[in-house]
Amino acid sequence: MAKLTDFLIEYLGDWPGTPGLTIAGAEVRIRPGWDGQLREVVGVGSPQSAVISVPPSSATLARDRVLSWEQAQAALPEVFARPDSRVYYGTFRWTYQPTDLPDAGVWIPADDPLVPPWLHPFGGDVLMTLIDGKYAAGVGIKRHNASGLEISVGTEPEHRGKGLAAGLVAQAARWILAQDAVPIYLHDPANVASDRTANAAGFPDEGWQILGMG
């Protein structure tokens, strides 16, 4: 868990590991993320502990208004005076033991003509399954910090149900572990396909959640 803790401290600004909710006023919330975008509100919650990370200028008001992880959904838009914003919760997974599936793809520069547009923003190399020389499925890596890298996966409709996504995610997770980082996998709780992929690739659901506001 040490690498995961290192990731969370840098990603959120704090991870005390003590029961209850911590509101962290973090400089990282006023710096561009992996894709150059600002994310003013990010939270991670385990069954025991939770941290909601906000800009330092918003931390005092957030501590006064957000008294629990569950209450954040209603309170955070008020803190930021954005009544039309929506706070969402997703499933947060990680692994140190990805499933030993066969490699399903090859690493290709993100600007290669074979790479579909959705993978371009990840930069560096992306992991792709090619069938008959064409893109069938792929993984991009969100490089949040040196301790934690997040996997995003997509499969073309005609190639779904073949296990390509699970194979790519497991392969990417092994590569991330080789970089001395922890692989992260996030998804909408209602996304049954993502849940299936995560389980097959060795990312168990430990009851953790990710929080954001958009």
Side-chain angles (χ1 to χ4, degrees), residues 1-8 10-11 33-35 42 44-47 89-112 114-210 212:
M1 293 287 287
K3 189 59 63 176
L4 178 64
T5 300
D6 291 344
F7 163 71
L8 291 168
E10 187 171 350
Y11 184 55
W34 69 273
D35 56 355
V42 177
V44 175
S46 77
Y89 298 92
T91 301
F92 180 102
R93 305 186 188 217
W94 76 96
T95 188
Y96 291 105
Q97 294 182 315
T99 306
D100 188 20
L101 298 172
D103 285 352
V106 292
W107 293 97
I108 298 176
D111 58 0
D112 189 282
L114 289 171
V115 176
W118 82 269
L119 283 170
H120 293 170
F122 294 94
D125 289 346
V126 297
L127 183 62
M128 294 197 341
T129 299
L130 301 175
I131 295 178
D132 296 328
K134 297 180 180 179
Y135 166 82
V139 155
I141 305 296
K142 296 181 181 179
R143 294 166 171 82
H144 293 297
N145 58 56
S147 297
L149 305 179
E150 180 189 341
I151 296 169
S152 291
V153 63
T155 305
E156 292 293 274
E158 64 268 28
H159 295 295
R160 291 173 184 165
K162 300 177 181 178
L164 298 180
L168 287 172
V169 170
Q171 182 180 351
R174 291 192 291 269
W175 179 85
I176 291 169
L177 288 166
Q179 314 309 306
D180 196 29
V182 60
I184 307 296
Y185 187 98
L186 311 179
H187 67 89
D188 184 332
N191 191 324
V192 175
S194 285
D195 175 77
R196 187 185 305 117
T197 294
N199 288 326
F203 285 77
D205 185 350
E206 303 283 1
W208 288 47
Q209 291 182 308
I210 185 82

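Quick caveat: nothing in here was measured; it's all calculated off a predicted structure.
The backbone N or O of A193 lies less than 3.5 Å from a partner atom in the side chain of N191, making a donor-acceptor pair. Side-chain N or O atoms of T129 include one that pairs as donor or acceptor with a backbone N or O of A104 at under 3.5 Å. The backbone N or O of A200 sits less than 3.5 Å from a side-chain atom of T99, completing a donor-acceptor pair. The main-chain N or O of G105 is found under 3.5 Å from a side-chain atom of Q171 such that the two form a donor-acceptor pair.
Using a 4.5 Å heavy-atom threshold, the side chains of Y185 and S194 count as touching. At least one side-chain heavy atom of D195 sits under 4.5 Å from a side-chain heavy atom of H187. The shortest distance between side-chain heavy atoms of L114 and Y135 does not fall below 4.5 Å. Looking at heavy atoms from C-beta onward, I176 lies in side-chain contact with I141 at the 4.5 angstrom threshold. Within the 4.5 Å cutoff, no side-chain heavy atoms of V182 are placed close to those of L177. Side chains of Q209 and T91 form no contact here, defined as non-hydrogen atoms less than 4.5 Å apart. Proximity of V115 to I108: side-chain heavy atoms (C-beta onward) are separated by under 4.5 Å at one or more points.
The closest side-chain donor-acceptor pair between N199 and R93 falls under 3.5 angstrom.
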Task: side chain to side chain contact (heavy atoms under 4.5 Å, CB included) evaluation trace for K142 with S152 - done: CA-CA 7 Å; K142 296 181 181 179; S152 291; 3.3 Å; yes
- [ ] Could you go through the side chain to side chain contact (heavy atoms under 4.5 Å, CB included) check for L149 and W175 one step at a time?
- [x] CA-CA 10 Å; L149 305 179; W175 179 85; 3.9 Å; yes
Task: Worked verdict on I184 versus F92 for side chain to side chain contact (heavy atoms under 4.5 Å, CB included) - done: CA-CA 7 Å; I184 307 296; F92 180 102; 4.0 Å; yes
- [ ] Tell me, with the steps shown, if V44 and L8 meet side chain to side chain contact (heavy atoms under 4.5 Å, CB included).
- [x] CA-CA 8 Å; V44 175; L8 291 168; 4.0 Å; yes
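When all heavy atoms are compared, the tightest approach of V126 to A110 is CG1-CB, 4.1 Å. Nearest approach of G90 to P189, heavy atoms of both residues: CA-CD, 3.9 Å.
When each of W94, F203, Y89 is tested with W208 by the rule ring pair (Phe, Tyr, Trp, His ring centres under 6.0 Å), just one qualifies, namely W94. A side-chain contact (heavy atoms from CB on, under 4.5 Å) with M128 is found for one member of D112, V139, L119 and no other, namely L119.
Between the CD1 atom in I151 and the OG1 atom in T95 there is a gap of 9.0 Å [rounded to 0.5 Å]. For the atom pair CG of N145 and CD of E10, the computed distance is 4.0 Å after rounding to the nearest 0.5 Å. Note that CG of D6 and CE of M1 are 11.0 Å apart. Values are rounded to the nearest 0.5 Å.
More than 12 heavy atoms of other residues, nucleotides or ligands lie within 6.0 Å of CD in Q179, so this atom counts as buried by the packing criterion.
Ion pairing of D103 with R174 is present here, as a side-chain N (NZ or NE/NH1/NH2) and a carboxylate O approach within less than 4.0 Å.
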